[in-house]
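For reference, positions follow the sequence shown, starting with 1. Just so you know, ligand 1 is whichever comes first in the structure, and atom 1 is the first atom listed for that ligand. Here the structure is a predicted model, which means the values were calculated and not measured.
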Amino acid sequence: MNSDISRILISNDLIKERIKQLAEQITKDFLGQELVIVCILKGAFIFAADLCREINLPVNLEFMSISSYGNATVSSGVVRIIKDLNESIEGKNVLIVEDIIDTGLTVSYLASLLSQRAPKSLKICSLCNKPQCHKTLVKIDYCGFELPSEFVVGYGLDFRDFYRNLPYIGVLKAEIYTRYLDSNG
Ligand code: 5GP
């Protein structure tokens, strides 16, 4: 285990198993149809890569990059599009793939933005969800894991852009934040 991690919440084996189940459900729900997966960068890149390989449908992959919290660990509620989709989604089945839903503000904003582009259907898939933190009503169609209201890293999720490459989802040691705050005022 990485020495900055205090405990692992979701092991890699558990993540893999859950992704297979989600992909099976998605394959069933869209049987005989095409699907556009919209991967929200950067956090969802590992999840989307693993998920799309388990989905047995004709899949198009699109990427959107949005602003996150910067270096903070709480939501500012501000969503800025850094990179938009390359292709039109009009008349298509669209699946937004997110890493984690905290306040729900980001995914709600994205869903309302994409629904204005007249997709045939629009669904949300998130690897993790923190239901106690929602500040808006969000309908998550496919959810991997429900988590307590704790800041987590790994499997695409970062702190200051580090730890995305950890194969599991875990909690950082408190001293990592203290050290960061001490050196940044
Ligand atoms: P929301 O708008 O739902 O509050 O925040 C969603 C985004 O905030 C996620 O896509 C993710 O980038 C970031 N985020 C929320 N909670 C966490 C967390 O526990 N760990 C990390 N690394 N990022 C988080």
Side-chain angles (χ1 to χ4, degrees), residues 1-2 4-12 14-15 18-19 22 37-52 61-85 94-115 122-181 184:
M1 183 166 88
N2 183 298
D4 292 353
I5 298 292
S6 68
R7 64 184 205 284
I8 294 176
L9 290 185
I10 314 169
S11 70
N12 185 255
L14 211 57
I15 296 174
R18 186 73 186 117
I19 287 178
L22 290 174
I37 287 182
V38 175
C39 168
I40 309 301
L41 297 172
K42 297 178 187 172
F45 83 108
I46 294 181
F47 175 42
D50 285 348
L51 181 73
C52 73
L61 260 176
E62 282 288 323
F63 297 90
M64 250 180 134
S65 184
I66 54 164
S67 66
S68 63
Y69 301 167
N71 286 335
T73 58
V74 286
S75 179
S76 62
V78 177
V79 178
R80 192 163 54 93
I81 305 288
I82 295 161
K83 186 211 165 292
D84 206 337
L85 304 178
V94 175
L95 182 67
I96 298 176
V97 174
E98 256 289 24
D99 50 1
I100 191 162
I101 293 173
D102 186 78
T103 63
L105 295 170
T106 306
V107 84
S108 296
Y109 174 82
L110 287 171
S112 87
L113 180 83
L114 296 185
S115 67
L122 182 66
K123 295 207 166 176
I124 295 171
C125 175
S126 183
L127 178 66
C128 300
N129 178 31
K130 298 192 217 169
Q132 292 147 11
C133 300
H134 289 190
K135 288 190 180 160
T136 183
L137 197 68
V138 206
K139 183 177 176 283
I140 309 170
D141 302 282
Y142 307 98
C143 173
F145 301 96
E146 294 215 333
L147 298 182
S149 50
E150 248 179 314
F151 191 81
V152 294
V153 296
Y155 199 76
L157 290 154
D158 75 307
F159 175 60
R160 299 177 49 237
D161 249 327
F162 289 103
Y163 309 106
R164 293 190 197 277
N165 57 323
L166 298 181
Y168 47 79
I169 291 176
V171 179
L172 280 175
K173 288 180 180 163
E175 67 205 58
I176 304 299
Y177 301 115
T178 320
R179 209 181 298 152
Y180 173 70
L181 288 173
N184 287 274

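The part of D99 lying near ligand 1 is the side chain, judged by heavy-atom distances below 4.0 Å. Of the heavy atoms in K135, none comes closer than 4.0 Å to ligand 1.
In this structure, K135 contributes its side chain and L105 its backbone to no donor-acceptor pair below 3.5 Å. Judged purely by atom type and a 3.5 angstrom limit, D141 uses its side chain to pair as donor or acceptor with the backbone of I124. For the pair S6 (side chain) and V171 (backbone), a donor-acceptor distance under 3.5 Å is present.
When each atom of ligand 1 is checked for a heavy atom of D102 under 4.0 Å away, the hits are 1 (P), 3 (O), 4 (O), 5 (O), 15 (C), 16 (N). Using a 4.0 Å cut-off to heavy atoms of T106, the atoms of ligand 1 that qualify are 1 (P), 2 (O), 5 (O), 6 (C). Near E98, meaning under 4.0 Å from any of its heavy atoms, are these atoms of ligand 1: 10 (O). Of all atoms in ligand 1, numbered sequentially from 1 with element shown, those under 4.0 Å from a heavy atom of D158 are 21 (C), 22 (N). Set against the non-hydrogen atoms of E150, the atoms of ligand 1 under 4.0 Å away are 19 (O).
Look at F159 and you'll find every heavy atom at least 4.0 Å from all atoms of ligand 1. Within the 4.0 Å heavy-atom cutoff, G104 counts among the residues contacting ligand 1. Assignment of K130 to the shell around ligand 1 is supported, since a heavy atom sits closer than 4.0 Å.
At under 3.5 Å, not a single nitrogen or oxygen of I101, backbone or side chain, sits near a nitrogen or oxygen of ligand 1. The shortest N/O to N/O separation between L157 and ligand 1 does not fall below 3.5 Å.
No more than 12 heavy-atom neighbours from other residues, nucleotides or ligands sit within 6.0 angstrom of NZ on K42.
Looking at L110 and V38, their side chains never come closer than 4.5 Å, going by heavy atoms from C-beta outward.
Remark: K130 pairs with D102 by the salt bridge (charged side-chain N to carboxylate O under 4.0 Å, His left out) rule, at least two apart or across chains.
Checked by atom type, the side-chain pair N2/Y163 shows no donor-acceptor distance below 3.5 Å.
With L127, T103, V171 as candidates, the residue nearest to atom 4 (O) of ligand 1 on a non-hydrogen basis is T103.
With rounding to the nearest 0.5 angstrom, the CG atom of L127 is 9.5 Å from the CZ atom of R18.
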Would you mind writing out the side-chain donor-acceptor pairs for residues 43-50 within the sub-3.5 Å range, not counting sequence neighbours?
{"from": "D50", "atom 1": "OD1", "to": "R53", "atom 2": "NH2", "distance (Å)": "2.7"}
{"from": "D50", "atom 1": "OD2", "to": "Y155", "atom 2": "OH", "distance (Å)": "2.5"}

